[in-house]
Amino acid sequence: MQRAVRALLGSRWPLLGMAGALAAVVVAIIVVATGGSLAVAALTLLAGLTLVGLVVVGASAREAEQRTRKTEKQLKALTSAVETVATSVQAVAERQADPTGGPLAAIIGAQRLDAAVRHDELVALHEELRADLHATLTERQLAELSALANLYAMLGADDEVPAFGGFAASPRTVLRLASLVRRLPSDALIVECGSGSSTVWLALACRRAGKGRVVALEHHERYAALTREALARHGLADVAEVREAPLEPVTVGGEKHDWYAAPQWTDLRGIDLLFVDGPPGSAGPRSRYPAFPLLATALDDGAVVALDDAQRQDEADIAADWLAEPVDSVRLADVDTVGRTRFFTASR
Ligand SMILES: C[S@@+](CC[C@H](N)C(=O)[O-])C[C@H]1O[C@@H](n2cnc3c(N)ncnc32)[C@H](O)[C@@H]1O
């Protein structure tokens, strides 16, 4: 009813109704005033009221019609949406029923095939890499093993030698050093930076060759004692000497380093073989750099210099610097690399 009244007020029908009702009242008054029949006046008033009633009913009917049309429109939209969903559901059902799987299955199938091929390729590549790695490791291990056997056959250690592995130079390096001893002059001087099993092997090589002596610089009291003990056990104390040399600050080529205390090496002259295997990296960056600049004048013409752990970046940089500039007219030349050790020769 409220809506009907609102609709009624929002149209021109109320004006017409009111105008009709007003006209009926005016007519009724004129009829009564002119002494006309009361019945006619009453009928006129009734007709006016009927007109107002008809206007209200008409407006309600119009509002109801508008609502019906709106509902019909909504129903139509809903029906269309339901039909769309039904069509999609039917399409999916048809695709599922299709034994070939339809275009969607073709796409998924192609992707699965792709993934399967990629997987097989990766597995094959992995196998190949594993085989390569295995072969490389075996080759390296074989080289070290054969060097070890060669070393024992050549030098016949008859007591326990400090173990290889860890901090010690590898058997391949020690074999090359030991075989060099045989080619050195009879009064050969071998100097080592950093003592350990290599000191014992070099001393064994000197004894077997019947020439040369070894001086090992060692900054660590405990390792100096261990190496001395091993030398004594082999009766090599007269062939090799371990000099305990604490690391002291030194400036070389503008760089500050900690290196073996000078009093322990300044007397060394005529070095034929210099094995640089210390100080360890824990002493600071490029800890082995000072060896050539500080010992260059003590090297004999044609001396061999060996730098261990050449695969490390620090050692690669050190080697490049050593090769770049002669020190007191002593120049180094690259010879070759054996395992992890790079060999150079010195010339004046
Ligand atoms: C690379 S090692 C020298 C090894 C020696 N030239 C050899 O081949 O046996 C350098 C220094 O490490 C220290 N060192 C030796 N053996 C060690 C060990 N087993 N553990 C920790 N440091 C060790 C010693 O002070 C030595 O001078």
Side-chain angles (χ1 to χ4, degrees), residues 143-144 147-148 150-152 154-155 157 159-181 189-206 212-234 236 239-248 250 257-261 264-265 268 271 273-292 294-295 304-316 318-319 337-344:
E144 292 298 343
L148 194 65
N150 199 165
L151 209 49
Y152 277 92
M154 251 170 72
L155 302 178
D159 205 326
E160 190 182 335
V161 181
F164 281 105
F167 275 66
S170 77
R172 271 206 284 175
T173 297
V174 174
L175 177 66
R176 169 63 71 93
L177 293 170
S179 52
L180 279 170
V181 170
L189 172 60
I190 300 159
V191 174
E192 232 192 339
C193 300
S195 76
S197 70
S198 58
T199 318
V200 179
W201 283 110
L202 280 167
L204 284 169
C206 286
R213 67 188 178 101
V214 182
V215 173
L217 301 175
E218 175 56 64
H219 72 287
H220 204 297
E221 190 185 346
R222 178 161 171 259
Y223 292 115
L226 284 173
T227 308
R228 276 191 205 113
E229 197 184 296
L231 289 168
R233 226 181 19 250
H234 287 270
L236 293 166
V239 184
E241 148 191 22
V242 180
R243 294 188 182 177
E244 205 178 306
L247 300 181
E248 288 183 349
V250 63
H257 292 277
D258 284 334
W259 211 68
Y260 303 105
Q264 299 293 40
W265 52 263
L268 300 173
I271 301 172
L273 174 58
L274 172 64
F275 180 38
V276 184
D277 196 17
S282 55
R286 291 164 52 88
S287 57
R288 297 174 184 179
Y289 171 70
F292 175 59
L294 294 180
L295 294 174
V304 174
V305 176
L307 175 65
D308 204 21
D309 303 305
Q311 82 289 356
R312 300 194 301 214
Q313 189 56 54
D314 255 15
E315 274 61 26
I318 291 169
T337 299
V338 177
R340 300 184 310 232
T341 310
R342 198 153 162 189
F343 288 82
F344 310 87

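Everything quoted here is computed from the prediction, not taken from an experiment. Atoms within each ligand, like the ligands themselves, are counted from 1 in listed order.
A donor-acceptor pair under 3.5 Å links the side-chain atoms of E218 to the main chain of S195, judged by distance alone. R286 places no side-chain N or O within donor-acceptor distance of the main-chain N or O of H257, the cut-off being under 3.5 Å. For the pair E221 (side chain) and E244 (backbone), a donor-acceptor distance under 3.5 Å is absent.
Below 30°, between 30° and 60°, or above 60°: for W265 and W259 the angle between ring planes is above 60°, a perpendicular geometry. A tilted orientation is assigned to the rings of Y260 and H219, their planes being inclined by 30° to 60°.
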N/O pairs closer than 3.5 Å, ligand 1 and protein:
{"unit_1": "ligand 1", "atom_1": "6 (N)", "unit_2": "G194", "atom_2": "O", "d": "3.0"}
{"unit_1": "ligand 1", "atom_1": "6 (N)", "unit_2": "S198", "atom_2": "OG", "d": "2.9"}
{"unit_1": "ligand 1", "atom_1": "6 (N)", "unit_2": "D277", "atom_2": "OD2", "d": "2.7"}
{"unit_1": "ligand 1", "atom_1": "8 (O)", "unit_2": "A169", "atom_2": "N", "d": "2.7"}
{"unit_1": "ligand 1", "atom_1": "8 (O)", "unit_2": "S198", "atom_2": "OG", "d": "3.1"}
{"unit_1": "ligand 1", "atom_1": "8 (O)", "unit_2": "D277", "atom_2": "OD2", "d": "3.4"}
{"unit_1": "ligand 1", "atom_1": "9 (O)", "unit_2": "S197", "atom_2": "N", "d": "2.9"}
{"unit_1": "ligand 1", "atom_1": "9 (O)", "unit_2": "S198", "atom_2": "N", "d": "3.4"}
{"unit_1": "ligand 1", "atom_1": "20 (N)", "unit_2": "Y223", "atom_2": "OH", "d": "2.9"}
{"unit_1": "ligand 1", "atom_1": "22 (N)", "unit_2": "Y223", "atom_2": "OH", "d": "3.4"}
{"unit_1": "ligand 1", "atom_1": "25 (O)", "unit_2": "E218", "atom_2": "OE2", "d": "2.6"}
{"unit_1": "ligand 1", "atom_1": "27 (O)", "unit_2": "E218", "atom_2": "OE1", "d": "2.7"}
{"unit_1": "ligand 1", "atom_1": "27 (O)", "unit_2": "E218", "atom_2": "OE2", "d": "3.2"}

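Nearest heavy-atom pair, R340 versus S170, reported as atom, atom and distance to 0.1 Å: NH2-N, 3.9 Å.
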